[in-house]
Amino acid sequence: MPQGQPSVVPDDGLTTRQRRNRPLVMVHTGVGKGKSTAAFGMALRAWNQGWPVGVFQFVKSAKWKVGEENALKVLGASGEGGAVDWHKMGEGWSWIQRAPADGALSNEEKAREGWEQVKRDLAAETYGFYVLDEFAYPLHWGWVDTDEVIQVLRDRPGTQHVVITGRNAPQALIDFADLVTDMSKVKHPMDAGQKGQRGIEW
């Protein structure tokens with residue numbers, strides 16, 4: 001295994017082992033492709049370690065079947081790694097906000113409802129690894145309060161790792177997170193008029 005050496009050793013009173021096993025908050029943001037894909041790759045590693053994995057998909061349609069969902073559910077049911085739960089909180093694409101049908105929850109209400117469930121699971125230490133997919137959008141739009149999210153994540157018990165994906169992650173979340181990756185776009189097939197492709201986008 002690669003043995004990367006940190007460039008700084010903080011004077012925080014922790015042993016190397018304690019610091020190495022500290023639970024992380026990670027953010028994948030930016031306009032490039034691959035934010036969710038990278039998070040699901042991390043979820044595969046968590047599954048391999050035997051950690052229970054909770055995926056919370058904000059904003060994306062509950063009808064949209066992503067390849068990672070099927071793969072992780074099959075792996076979670078295999079009994080060889082950690083269990084996997086997949087929750088879809090949103091409705092419609094992240095760039096389309098539709099009016100709800102009569103009596104249905106709005107996208108904003110669904111996002112808030114999803115966050116309330118994440119809070120309950122964090123308090124109960126339900127999962128070892130959380131993917132809050134597209135959660136940066138509800139934060140950016142003001143549907144969920146960023147300061148509250150930071151406080152809940154700061155105070156979460158145990159050794160729960162959390163990765164948040166989506167464009168326009170608030171600066172306060174970026175400042176708080178332990179690991180931040182900004183996916184930039186150099187080139188994309190859509191620039192040449194090509195739509196999403198099976199096996200690449202889903």
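Bear in mind that the values here come from a model prediction, so they are computed numbers and not experimental data. Numbers for residues simply follow the sequence, beginning at 1.
Listed by first then second residue, pairs satisfying salt bridge (Lys or Arg N to Asp or Glu O under 4.0 Å) with a partner in residues 174-190 read Arg22-Asp178, Lys185-Asp191, not counting sequence neighbours. Residues in residues 29-46 take part in these salt bridge (Lys or Arg N to Asp or Glu O under 4.0 Å) pairs, two or more places apart or across chains: Lys33-Glu201. Within the structure, ring-ring contact (aromatic ring centres under 6.0 Å, His included) pairs that include any residue of residues 144-184 comprise Trp51-His161 (at least two apart or interchain). Each salt bridge (Lys or Arg N to Asp or Glu O under 4.0 Å) pair with one or both residues in residues 158-168, not counting sequence neighbours, would appear here, but there are none.
Taking the side chain as every heavy atom from C-beta outward, Thr159 and Asn21 never approach each other to under 4.5 Å. Ile174 places a side-chain heavy atom less than 4.5 Å from the side chain of Gln171. Side-chain contact check for Asn168 versus Trp141: every heavy-atom pair is 4.5 Å or farther apart. Taking 4.5 Å as the limit, some side-chain heavy atom of Thr37 sits within range of a side-chain heavy atom of Glu68. Between Gln57 and Glu134 there is no side-chain heavy-atom pair separated by less than 4.5 Å.
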- prompt: Taking it one step at a time, do Leu75 and Leu44 satisfy side chain to side chain contact (heavy atoms under 4.5 Å, CB included)?
  reply: CA-CA 9 Å; Leu75 289 172; Leu44 287 173; 3.5 Å; yes
- prompt: Yes or no on side chain to side chain contact (heavy atoms under 4.5 Å, CB included) for Val162 and Arg156, after CA distance, side-chain angles and deciding distance?
  reply: CA-CA 10 Å; Val162 180; Arg156 71 194 188 283; 4.1 Å; yes
- request: For the pair Val53 and Leu72, evaluate side chain to side chain contact (heavy atoms under 4.5 Å, CB included) and give the outcome as yes or no after the intermediate values.
  value: CA-CA 9 Å; Val53 175; Leu72 279 166; 5.6 Å; no
Ring pair (Phe, Tyr, Trp, His ring centres under 6.0 Å) evaluation trace for Phe135 with Trp115: CA-CA 9 Å; Phe135 190 47; Trp115 168 238; 5.5 Å; yes
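The hydrophobic clustering, which links ILVMFWY residues whose side-chain heavy atoms are closer than 4.5 Å, places Val31 and Met183 apart.
Atom-to-atom distance recorded for Gln117:CD and Leu122:CG is 10.0 Å, nearest 0.5 angstrom. Annotation: the span from Leu173 atom CG to Leu139 atom CG amounts to 6.5 Å, rounded to 0.5 Å. For the atom pair CZ of Phe58 and CD1 of Ile164, the computed distance is 9.0 Å after rounding to the nearest 0.5 Å. For the atom pair CG (Leu132) and CE (Met26), the distance works out to 10.0 Å, reported to the nearest 0.5 Å.
Shown here for Ala111 and Trp143, the closest heavy-atom pair between the two residues is CB-CE3, 3.8 Å. Taking both residues in full, the closest heavy atoms of Thr29 and Gly166 are given as OG1-O, 2.8 Å, listed atom of the first, atom of the second, then distance. The heavy-atom pair separating Thr146 from Pro170 by the smallest distance is OG1-CG, 3.5 Å. The shortest heavy-atom contact between Val84 and Gly76 is CG2-CA, 3.8 Å. Summarising the geometry of Asp85 relative to His87, their closest heavy-atom pair is CB-NE2, 3.7 Å, with the distance given to 0.1 Å. Of all heavy-atom pairs between Ala177 and Val27, the closest is CB-CG2, 3.7 Å.
Using a cut-off of 4.0 Å between Lys/Arg side-chain N and Asp/Glu carboxylate O, Glu116 and Arg112 are scored as not salt-bridged.
For Lys73, the salt bridge (charged side-chain N to carboxylate O under 4.0 Å, His left out) test picks out Glu69, with sequence neighbours left out. In this structure Thr126 satisfies the side chain to side chain contact (heavy atoms under 4.5 Å, CB included) test together with Asp121, Ala124, Tyr130, sequence neighbours excluded.
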